[in-house]
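When a ligand or atom number is given, it counts from 1 through the structure's own listing order.
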Amino acid sequence: MTKAESVISAVIPVFNEEDNLKALIGRLQPVMRSLGRPYEIVMIDDGSRDGSLAILKDLARENPELRVVELTRNYGQHAAIMAGFSIVRGDIVITLDADLQNPPEEIPRLVAEMENGGYDVVGTIRRRRRDSAFRLGASRLINIVARRITGVHMTDWGCMLRAYRRPVVERMRDCHEHATFIPALATAFAKRLTEIEVAHEERHGGKSNYPLRKLINLQFDLVASFSDFPMKMLMYGGILMSILGVCFGAFLAVARLAYGAHWAAQGVFTLFAVLFVFVGLQFFALGVIGEYIGRIYREVRRRPEYVIENIHGGRDRSGS
Ligand code: UDP
Ligand code: MG
């Protein structure tokens, strides 16, 4: 396929973004047009409670390139993007946020980097991030954790302005994972990854949809969906505790022989040593059981991750 034939898709999750949608499409359309090839825009209304859906439907009427996926309720940013992936037609798929924190003007650079370098995934690093100090600190921590868990060196996992090649999108789509973290999931299916620096802007309007609680949940998704690290800690902790118990017992035995019966408070300490060994073994056993449960958990994750209520707009005019 020549470059001119490859279709570019933009996938944008929308949750309570009524102040930003018109400005977004106003900036996105000229950029997409400037690529000089077929393109589409897929916006997913993730159960917005403001006027976002109505605005999106209007926009879909005016912009034949735009299709709007309406979800039944709020499923979260990553599930919404997955819903977008399920109908996307592009050979190169770009994800970005609806609040204009990711400038659409960067899209041509992402596409160029992907095509010229033959990459499967192009990530981004936010130059001069416009977020609060707290968010910056939290992100730094998350980036370290994500790097360890996936074993892939990406500098900035949080930035959703990313480009994926179609096969990567299809494989992610086939995963049917319930709680997921798309940039991390993509690394499981991409051979060639790179990162480029992009600009970052203040939120155009409205306020962030990520209060602390959601942020913590998202991080837990990242850790629990991509690693069994917490379970391994339980097992290793148990083994360590048992070993310490045995060492403590040996020490008591030696001290008892050297200093006599009254030194060890008539055997009370020995009880502690025995206790440590058994508590340690229990933790270990829990870890082993956890390992099996973890495997079951991985097997049963076949639940639908989202339910699409309707698809609006698009050239073929199916749906309303
Ligand atoms: N979003 C979503 N569902 C949610 C939360 C957020 O689709 O439950 C979308 C939101 O509309 C935006 C993107 O995800 O397009 C990023 O959200 P936000 O800007 O609130 O996150 P932040 O930039 O503060 O990390
Ligand atoms: Mg934002």
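Interface of A98 with ligand 1, defined as ligand atoms under 4.0 Å from a residue heavy atom, comprises 12 (C), 15 (O). Close contacts of ligand 1 with V14, meaning ligand atoms under 4.0 Å from a residue heavy atom, involve 7 (O), 11 (O).
Side-chain contact check for E70 versus L53: some heavy-atom pair is nearer than 4.5 Å.
When only interatomic distances are considered, the shortest N/O to N/O separation between K207 and ligand 1 does not fall below 3.5 Å. Close N/O approach between A80 and ligand 1 is not found [any backbone or side-chain N/O within under 3.5 Å].
Under 3.5 Å, the side chains of N20 and D99 contain no donor-acceptor pair of N or O atoms.
The closest heavy-atom contact to atom 4 (C) of ligand 1, among the options D46, T95, N209, comes from D46.
Put simply, the residue from R127, R109, R126 that forms a side chain to side chain donor-acceptor pair (under 3.5 Å) with E197 is R127.
No other N/O/S atom of D99 lies as close to the Mg ion (ligand 2) as OD2 does.
What you find for R27 and P104 is that their closest heavy atoms are NH2-CD, 3.7 Å.
Using a 4.0 Å cut-off between charged side-chain N and carboxylate O, R37 and E65 make no salt bridge.
At least one heavy atom of R203 lies less than 4.0 angstrom from ligand 1.
Not one N/O/S atom of D97, from backbone or side chain, sits under 2.8 Å from the Mg ion (ligand 2).
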